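Reading through the structure tokens given below for one structure.
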Protein chains: 2
Amino acid sequence: MSVEANESRGPVRRVTAAEVAQGAGVSRSAVSRAFTPGSYLDADKRTRILKVAEQLGYRPNRLAAGLQGRGRSNLVAVLVGQLANHFDSDFQAILLEGLAAMGKWPLVILAAPEMIEEDILGVLGFPLDALILRGGSVGAPVVDYCSKLGIPLVVSGRVMDLPGVDSVCGDNIGGAEAAVGALIARGRRQIGYLGGPADLFSDAERRAGFHSAIAQAGLLPAATCSADYSFEGGYAAVAGLLGQAPALDGLFCGNDAMAMGAMAALREIHGRAVPEDISVVGFDDISIACWPGIALSTVRNDARATVAEILSLLASRLAEPQRPGRVVRIPAPFIARNSH
Amino acid sequence: MSVEANESRGPVRRVTAAEVAQGAGVSRSAVSRAFTPGSYLDADKRTRILKVAEQLGYRPNRLAAGLQGRGRSNLVAVLVGQLANHFDSDFQAILLEGLAAMGKWPLVILAAPEMIEEDILGVLGFPLDALILRGGSVGAPVVDYCSKLGIPLVVSGRVMDLPGVDSVCGDNIGGAEAAVGALIARGRRQIGYLGGPADLFSDAERRAGFHSAIAQAGLLPAATCSADYSFEGGYAAVAGLLGQAPALDGLFCGNDAMAMGAMAALREIHGRAVPEDISVVGFDDISIACWPGIALSTVRNDARATVAEILSLLASRLAEPQRPGRVVRIPAPFIARNSH
DNA sequence: GGTCTATGTGAACACGTGTGCAGATTTTGC
DNA sequence: GCAAAATCTGCACACGTGTTCACATAGACC
């Protein structure tokens, strides 16, 4: 039987509960009960069943079990952006850990730029416990289908103010204001903003926070530009910023990688000492930021707190599907190190 | 009906094919056919069905479909290590992309240190197309169950020479030899090795390559020690290495993060100029290695080539389940930058 | 016009599970 | 010892799909 199955084409057929039942001389129900905590089953019979199951290599088929009654699949789709973004890879690890602790299985979908909507909709064929949106961008059809399919949608890193959609987002504005405040407290007056891609939610809020803090202090922005949130983007952008404001003495960057690139360019190409001649501040507090030699002053985008909120919102949504959507903001404190 | 379902407790019930059939005035078979490419179905009827399906928010349930006949779930479990390891997060992105291109859905399991075997076995309840082992460690029960369940097992980053198991691994020995060769070609004669955790496969092979190249050149190892493959570990290990060999002039590190930590410590604490006083070489060629200001000489652990082999082996295994296990080695060339 | 091929159709089946239910047995409490 | 409660058991059902099969219809060819 087993030998025969292994020689066939297509998926190898798994051992079924019926085969275990035959081997142990019990009913198939008894096999099911042996794998269902809290079921009534004679202890000796249970031992016999588990032994045969292990010999035959039987495990209940989660697909079949998930189909039945009011069970949950426990599958959670997570749409992530480019993991080359260091904040996102740190974030994902914490999220995966949290989901595992909840007994959820994460289906991770990488939102590549060329990915079309139909590819994303494809995952909705699984009866997901939730869709967590961390990266990429989704349009109305995905939101609509989630609603119709009863799949909870939790958004991270931006706010999607729609009925039944939950969002968790760092306080970008407050964090940016704190960062610029620290530059001003250092006596910096020619302060620039090196931003991320202009179409991103995070950039819009961090840029707004920059402008608000500058205005609050009665200053004008010395220089602004956009790059792609990468080290290389930050490195290359410094020339343009210095062209706009040769006397630039403070730079707030929309994320840490760009801040590191900018620091490198300032030191290596433009002969500026950081922080003596010019202060540089980043955003996110990625794991590299605290490395000696980098010691970047930055704003903490608290991945742990964000994940905790996501999971809390998810649990709450599963318990109460009709609950109104919530928006949770995570404080984004300034972290002082040596770059400013 | 839909309103009623949305008010119930537990999972919200999805729209079924039967409901679409009723709404479109056709049989349930017709609905199934509308979603099965190549099936015979009248075009007008098909249009009507797809319209009703979209209105009701119907998508075929992948769990139910996967249960049926010889279909595949297309689920692939990927066991990953700590993503704080930058090579691993780069690698994962490439792997996810490749799996998506194959039409596979990745179930990503983070192999946390405290994870017990039963947690890993849990994922085998899904009728997986494959289990890809990238991180963590698994014992005999997982390998045994994969075999019995007919789940293909592909290992990456180490060699698991077992029947039916495929492995893809960089040429750690050859890469280490090339790195040490480059140090020797630079005239370095007091050469040390800063290794990773001693129980890891990668460390054992890189260490062996170090010793073999040193012996080949008629030298003795000047200093060796082990750290935890992190920047901080490398940073802290330098004192011990210099204690063993105060005249150390070349250092081969088991991975890039440790090499970066070592460089920082050499420059900041020990007053050594890199590469003028001492050459430092890493392993893996993570994305940060080429950043200006770091410019690390290293050995390329080719994630793209590795993923390509993994996917190729997987496709081959699915086509031919009884094929003998294969071991594929990926060349690991030396990448010369400015640290040596 | 008759035969063969292609297209179309719905009923019934199978996939592998957990559960409800009726009946049987054992245990507990008075 | 009796009644009630707890435990145990297998049968049959439902879950939501894709496929097979027998039958029906339309089109092409001689």
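Keep in mind that this is a model prediction, so the values were computed, not measured. Chain letters run A, B, ... following the sequence lines, proteins first and then strands; every chain starts at 1.
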Next on the checklist: Nearest 0.5 Å, please: how far is CG in A:Leu133 from CD1 in A:Ile310?
Outcome noted: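 Going from the CD1 atom of A:Ile310 to the CG atom of A:Leu133 covers 10.0 Å.
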Checklist entry - When rounded to the nearest 0.5 angstrom, what is the spacing between CE in A:Met102 and CG in A:Asp129? => result 8.0 Å
Nearest whole angstrom, please: distance from the [atom2] of [N] to the [atom1] of [X].
X	N	atom1	atom2	value
B:Phe126	C:dT17	CZ	P	14 Å
A:Leu67	D:dA14	CG	P	14 Å
B:Gln68	C:dC13	CD	C1'	10 Å
A:Gln22	C:dG16	CD	C1'	16 Å
A:Arg59	C:dG16	CZ	C1'	16 Å
B:Ile49	C:dG8	CD1	C1'	12 Å
A:Arg46	D:dT9	CZ	P	12 Å
A:Tyr40	C:dT26	OH	C1'	13 Å

Item to check | A:Tyr58 vs C:dT17: side-chain N/O to OP1/OP2 distance below 4.0 Å | outcome: yes
Checklist entry - Can you find an N or O donor on one side and an acceptor on the other, under 3.5 Å apart, linking the side chain of B:Ser29 with the base of C:dA11? => result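 Flag set: donor-acceptor pair detected.
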Item to check | Salt bridge B:Arg46-B:Asp42, side-chain N to carboxylate O under 4.0 Å | outcome: no
Looking only at the side chain of [X] (C-beta and beyond, no hydrogens), which of the listed nucleotides [options] gets closest?
X	options	result
A:Arg28	D:dT17, D:dC11, C:dT17	C:dT17
B:Lys45	D:dT17, C:dT9, C:dG18	C:dT9
A:Asn61	C:dT17, C:dG8, D:dG10	C:dT17
A:Thr16	C:dT19, C:dT9, C:dG16	C:dG16
B:Ala65	D:dC15, D:dT19, D:dG18	D:dG18
B:Ala30	D:dG10, C:dG10, C:dG16	C:dG10
A:Thr36	C:dG18, D:dT17, C:dG16	C:dG18

Item to check | Upstream residue (5' side of DNA chain D) when A:Asp42 and B:Arg62 are each assigned their closest nucleotide | outcome: A:Asp42
Checklist entry - Which part of the nucleic acid, if any, lies within contact of A:Arg33, taking any heavy atom under 4.0 Å across all strands shown: a base, the sugar-phosphate backbone alone, or nothing? => result base
Next on the checklist: Over all strands shown, is B:Leu41 touching base, sugar-phosphate only, or nothing at heavy-atom distances under 4.0 angstrom?
Outcome noted: sugar-phosphate
Item to check | Close side-chain approach of A:Leu318 and A:Pro152, heavy atoms under 4.5 Å | outcome: yes
Checklist entry - Taking only residues two or more places apart in sequence or in another chain, which ones pass ring pair (Phe, Tyr, Trp, His ring centres under 6.0 Å) with A:Phe35? => result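 With sequence neighbours excluded, A:Phe35 shows a ring pair (Phe, Tyr, Trp, His ring centres under 6.0 Å) to A:Tyr58, given in chain and number order.
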